[in-house]
Amino acid sequence: MLRIAVPNKGSLSGPAAEMLHEAGYLQRRESKELRIVDPTNEVEFFYLRPRDIAIYVASGQLDIGLTGRDLLIDSGADAEEILALGFARSTFRYAGKPGTISGLADLTGKTVATSYEGIVAAHLAEHGIDASVVHLDGAVETAIQLGVAQVIADVVETGTSLRNAGLEVVGEPIMQSEAVVIRRTGADPDDPKVQQFLRRLQGVLVARTYVMMDYDCRVEQLEKAVALTPGLESPTVSPLHNEGWVAVRAMVPAKEAQRIMDDLYDIGARAILTTAIHACRL
C-alpha cells in the first residue's frame with residue numbers, strides 16, 4: 001500500500017482532508033484517529049503533526065506527505081516538493097518596531113525571534129547577514145516587547161496581529177508558502193502508485209480552477225466564439241436542429257467565466273451555461 005502522511009491539525013488539516021476526499025480517498029471520521037486504511041485505493045493514511053511530516057517522509061518509512069512548504073524547508077529534512085496544492089498560502093516576513101529597521105542589512109548584530117529557525121538562519125546566511133536567531137514556539141509578536149529580540153520573523157497574512165503589537169513588516173518577503181506534496185529526495189519519480197495519487201490531486205486542482213461552459217451560437221460567429229473559449233485542446237462543436245446554429249462546449253477558467261459569458265452574449269451566443277467540474281484527468 002501507498003503510505004501517506006496527512007496533517008492531523010492546524011490550518012493544513014481540514015483543507016488537506018477535503019482535497020483527499022474530493023480525489024476519491026477515504027478519510028477519517030474522528031480527529032482522534034491516527035491511522036486509517038483505504039483498501040479500495042490501496043492507500044494507508046497516517047495523521048501526524050505537520051512539523052513532523054517531512055522527517056517521517058525523509059526517513060523512507062512513509063512514501064509521500066502533505067505539509068507546508070515552510071515546514072519542509074524549516075525541517076532541513078532530506079525531502080523534496082513534488083506538487084503545490086494551492087491552499088494554506090502564506091508569506092513569511094521580518095517585522096520590527098516602526099522606524100528601527102529599514103532593510104535586511106539593518107539586521108546585522110540583531111537578534112531575530114522566530115518559530116522557523118531553519119528558514120531564518122538559511123535566509124540570513126544566504127544574504128551574508130550576521131545576526132542571532134532565537135527559537136520560540138507559538139506567537140512571537142511579544143518577543144520584542146519583552147526584550148527577547150529586536151526583530152521577529154513569522155507568517156504574515158493580513159498583518160493585523162503585527163499592527164496590534166505595534167510592529168511593521170521589514171524588507172522583502174523571506175518566502176511564499178503553501179500546502180505541498182513531498183517525497184524523499186532520490187525516491188523513484190516514476191512510481192506508478194505515486195503518479196496515480198498525483199494525477200488525482202491534479203484533477204482536483206483543475207476541477208477547482210475551471211468550469212464547463214456550454215452555449216449556442218450562429219455558424220458565422222463560431223470563429224469569434226472559439227477564440228473566446230479555446231478549451232484545453234479545442235472546444236466540442238455540434239450542429240443543432242435549427243440550421244445555421246451550433247452547440248459549443250469548452251472548459252474555461254472559473255475566475256473569467258462571467259466576463260467570457262458577457263463577451264459571448266455580445267457576439268450573439270445564447271443559452272450560455274456553466275457547470276462545476278467535480279473531477280477530471282488531463
Side-chain angles (χ1 to χ4, degrees), residues 11-25 27 66 68-70 81-93 155-160 162-163 169 172-181 195-282:
S11 61
L12 291 166
S13 178
E18 181 180 354
M19 174 169 280
L20 291 169
H21 176 72
E22 290 180 35
Y25 292 104
Q27 287 297 287
L66 281 66
R69 182 181 295 131
D70 52 351
E81 173 184 334
I82 55 175
L83 179 66
L85 298 177
F87 63 86
R89 289 191 173 102
S90 60
T91 304
F92 201 69
R93 308 193 68 157
V155 172
V156 177
E157 295 182 359
T158 64
T160 300
L162 291 179
R163 287 191 294 271
V169 296
E172 296 298 317
I174 301 170
M175 67 171 294
Q176 302 285 346
S177 182
E178 64 181 294
V180 297
V181 179
Q195 290 303 314
Q196 181 186 65
F197 178 78
L198 294 177
R199 283 195 299 271
R200 285 199 181 191
L201 294 191
Q202 288 166 337
V204 173
L205 292 173
V206 172
R208 289 178 172 183
T209 305
Y210 287 83
V211 294
M212 189 65 73
M213 185 170 289
D214 294 89
Y215 59 90
D216 301 338
C217 76
R218 297 284 305 177
V219 172
E220 56 266 28
Q221 297 298 329
L222 182 58
E223 290 304 314
K224 291 182 179 179
V226 168
L228 293 170
T229 59
L232 297 184
E233 279 79 26
S234 65
T236 300
V237 180
S238 305
L240 293 177
H241 180 71
N242 288 342
E243 187 175 350
W245 283 82
V246 292
V248 183
R249 162 169 280 203
M251 290 173 63
V252 301
K255 64 181 180 180
E256 299 177 21
Q258 291 295 332
R259 177 189 60 79
I260 293 172
M261 293 176 78
D262 290 339
D263 292 343
L264 286 171
Y265 191 89
D266 288 343
I267 65 171
R270 294 296 181 267
I272 309 169
L273 308 173
T274 62
T275 53
I277 301 171
H278 297 290
C280 70
R281 298 290 185 276
L282 301 182

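Because the structure is predicted, anything quoted here is derived from the model rather than measured. For the numbers below, each heavy atom of this structure counts, side chains included, while hydrogens, waters and symmetry mates do not. One-based numbering along the sequence shown.
Looking at Val252, Val248, Asp263 one by one, the single match for side chain to side chain contact (heavy atoms under 4.5 Å, CB included) with Leu228 turns out to be Asp263.
For the pair Ile267 and Gln221, the tightest heavy-atom approach, listed with the atom from each and the gap, is O-CG, 3.4 Å. Between Gln176 and Thr91, the closest heavy-atom pair is OE1-OG1, 2.9 Å. Residue Ala207 comes nearest to Cys280 through the heavy atom pair N-SG, 4.2 Å, listed as atom of the first residue, atom of the second, then distance. Across Asp216 and Ala271, no two heavy atoms sit closer than the pair OD2-CB, 3.7 Å. Of all heavy-atom pairs spanning Pro239 and Val246, the tightest one is CA-CG1, 4.2 Å.
Here the side chains of Thr209 and Pro253 are not in contact, with every heavy-atom distance at 4.5 Å or above. The shortest side-chain heavy-atom distance between Val180 and Ile82 does not fall under the 4.5 Å cut-off.
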Practice problem: Kindly indicate, with the supporting measurements, whether the criterion side-chain contact (heavy atoms from CB on, under 4.5 Å) is fulfilled by Leu162 and Arg93. | Solution: CA-CA 11 Å; Leu162 291 179; Arg93 308 193 68 157; over 6 Å; no
Quiz item: Yes or no on side-chain contact (heavy atoms from CB on, under 4.5 Å) for Met19 and Leu66, after CA distance, side-chain angles and deciding distance?
Solution: CA-CA 11 Å; Met19 174 169 280; Leu66 281 66; 5.7 Å; no
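For residues 240-282, no pair satisfies ring pair (Phe, Tyr, Trp, His ring centres under 6.0 Å), with sequence neighbours left out.
With sequence neighbours excluded, the residues forming a ring pair (Phe, Tyr, Trp, His ring centres under 6.0 Å) with Tyr25 are Phe45, Phe197, listed by chain and number.
Summarising the local packing, CD of Glu172 is surrounded by 12 or fewer heavy atoms from other residues, nucleotides or ligands at distances under 6.0 Å. The environment of Tyr210 atom OH is sparse: at most 12 non-hydrogen atoms of other residues, nucleotides or ligands sit within 6.0 angstrom.
How far CD of Glu22 is from CG of Leu201: 10.0 Å, rounded to the nearest 0.5 Å. Note that the CE atom of Met212 and the OG1 atom of Thr274 stand 11.0 Å from one another [nearest 0.5 Å].
Using a distance-only test at 3.5 Å, with no hydrogens or angles considered, a donor-acceptor pair links the side chain of Arg200 to the main chain of Ala23.
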